[in-house]
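Notes to accompany the following structure.
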Amino acid sequence: MTRATCARRAAAGHRAPLPAEARGLLLGLLGVAIFALTLPMTRLAVGTPEAPQMSGLFIAMGRAAVAGLLSAALLLAQRAPLPARADWWPLAVTSLGVVFGFPLLTSVAMRHVGAVHAAVIIGLLPLATAAVGALLHRQRPSAAFWACALLGSALVAAFAVLRSGRQGLALHPADLLLMAAVVCAAVGYAWGGRLAQHMRADAVICWALVLSLPVSLPLAWASWPRAALPAAAWGGFAYVAVFSMWLGFFAWYRGLALGGTVRVSQVQLAQPFMSMLFAVPLLDETLDAVSLAFGLAVLATVAAGRRMPVGK
């Protein structure tokens, strides 16, 4: 074996691992990809005003109950210690935001709006998460960072205007529910990301879900569908219960902890357009050149924003 070969093998064996920020962004992107299916799957489960399926209350509380029971089993299997006394309040805030607020508000709204319409409004979530994260973690993003975040949000808003049709951007009740859901998710994401800096990412969402079980389990039982439902509705419910409400947060909170809430949150700018891509086969929606152009433009703002300085 030549010295050159030995040197190459030694270099490969001692290759530097990815920086924490890069790993955080990759995990954040994985979480966003999982979350991007939430709106189309919720639409399948809740149905339309003309053909209603599950109630919004059952979808929200049922998914929390299923994920909460899975979380309890995982924590028992791991013999996980109880959270510190100081962590119970942040866990309660996280639970209110991502276990109760966001699922309930979006589940009710999704019966009255399509996945594309909802996706463009939920597209405001990165800016909201960055704002809450900056306040919570005492970070000071640069003006250029905020410019990228605002540009991405403006692109999302412009797409909403372009695709609004006759309805425009009138704030009907479903829009108000979706905007309130954005606030709930931003608060839950920021607090959960903070907890994940000293707790395991899976433990954060698991304890938040277990904490919600005394409320979610009875409400899920009380709102259980009485009529027979198609397999597609149950499939949508199963996805939001296991992936959207549970596994997706394993990657998401770990990504926020590694890469920083303010910076990693901007990966969410791609979520509306991922949701649209998933909605094509699931909901028979179309994806045209304009949608693709806006999607690429938003992704460009994400790439630019991640290069902007974020200080303490």
Side-chain angles (χ1 to χ4, degrees), residues 20-21 23-32 34-36 38 64 83-84 86-106 121-142 145-146 148-150 152-153 156 178-209 211-212 244-246 248-272 302 305-306 308-312:
E21 182 180 311
R23 284 182 287 140
L25 287 168
L26 289 175
L27 286 170
L29 185 60
L30 175 60
V32 164
I34 294 173
F35 294 149
T38 301
D87 291 333
W88 284 110
W89 168 246
L91 280 170
V93 176
T94 301
S95 180
L96 287 173
V98 300
V99 178
F100 290 105
F102 183 84
L104 182 58
L105 293 169
T106 53
I121 296 178
I122 298 299
L124 297 175
L125 184 55
L127 184 60
T129 304
V132 175
L135 293 173
L136 186 60
H137 299 284
R138 298 182 180 180
Q139 294 177 315
R140 295 182 179 179
S142 64
F145 177 90
W146 285 116
C148 290
L150 288 170
S153 298
V156 169
L178 290 169
M179 290 182 182
V182 167
V183 176
C184 290
V187 172
Y189 285 171
W191 278 98
R194 181 175 181 175
L195 284 168
Q197 291 179 347
H198 65 273
M199 292 177 62
R200 287 172 55 96
D202 56 342
V204 173
I205 189 58
C206 284
W207 281 115
L209 287 161
L211 188 62
S212 74
S244 302
M245 192 76 266
W246 197 48
F249 282 99
F250 289 16
W252 179 242
Y253 280 150
R254 183 59 178 162
L256 292 179
L258 286 173
T261 301
V262 175
R263 190 175 299 282
V264 176
S265 67
Q266 298 312 291
V267 179
Q268 291 172 301
L269 286 169
Q271 184 171 332
V302 175
R306 60 168 292 189
M308 302 305 170
V310 178
K312 297 289 185 182

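Treat the numbers as computed from the prediction; the structure is a model and nothing was measured. Only heavy atoms go into these numbers, but all of them, side chains included; no hydrogens, no water, no symmetry mates.
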Sort out for me which residue in Val98, Leu209, Val204 forms a side-chain contact (heavy atoms from CB on, under 4.5 Å) with Phe249. Val98

For Leu211, which residues count as a side-chain contact (heavy atoms from CB on, under 4.5 Å) partner, sequence neighbours excluded? Trp88, Leu91, Ala92

Residues that Phe250 engages under ring-ring contact (aromatic ring centres under 6.0 Å, His included), provided they are two or more places apart: Trp246

Leu105 side, atom CG; Phe100 side, atom CZ - distance, nearest 0.5 Å: 12.5 Å

To the closest 0.5 Å, what do you measure between CD1 (Ile34) and CE (Met245)? 12.5 Å

Salt bridge (charged side-chain N to carboxylate O under 4.0 Å, His left out) partners of residues 122-134, not counting sequence neighbours, each pair once: none

Suppose the criterion is salt bridge (charged side-chain N to carboxylate O under 4.0 Å, His left out): which pairs have a residue in residues 184-200, not counting sequence neighbours? Arg200-Asp202

Which residues pass the side-chain hydrogen bond (donor to acceptor under 3.5 Å, both in side chains) test with Ser212, sequence neighbours left out? none

Which pairs of donor and acceptor atoms, one on a side chain in residues 179-187, lie under 3.5 Å apart (sequence neighbours left out)?
none

Would you compute the distance between atom CG of Asp87 and atom CE of Met199 and round it to the nearest 0.5 angstrom? 5.5 Å

Donor-acceptor pairs under 3.5 Å, side chain of residues 252-260 to any protein atom, not counting sequence neighbours: which ones?
unit_1, atom_1, unit_2, atom_2, d
Tyr253, OH, Gly188, O, 3.0

Provide the closest heavy-atom pair for Ser95 versus Ala208 in the form atom of the first, atom of the second, distance. OG-O, 3.3 Å

Contact summary for Gly97 and Pro103, nearest pair of heavy atoms: O-CD, 4.4 Å

Closest contact, heavy atoms only, Leu30 versus Ala251: CD2-CB, 3.9 Å

Suppose we screen for side-chain hydrogen bond (donor to acceptor under 3.5 Å, both in side chains). Which residues come up paired with Thr38, at least two apart in sequence or across chains? Ser244

Nearest-0.5 Å distance that lies between atom CG in Leu195 and atom CD1 in Ile205: 10.5 Å

Looking at every non-hydrogen atom in both residues, tell me the closest pair between Ile122 and Leu178 and how far apart they are. CD1-O, 4.0 Å

Kindly compute the distance separating CZ (Phe35) from OH (Tyr189), expressed to the nearest 0.5 Å. 4.5 Å

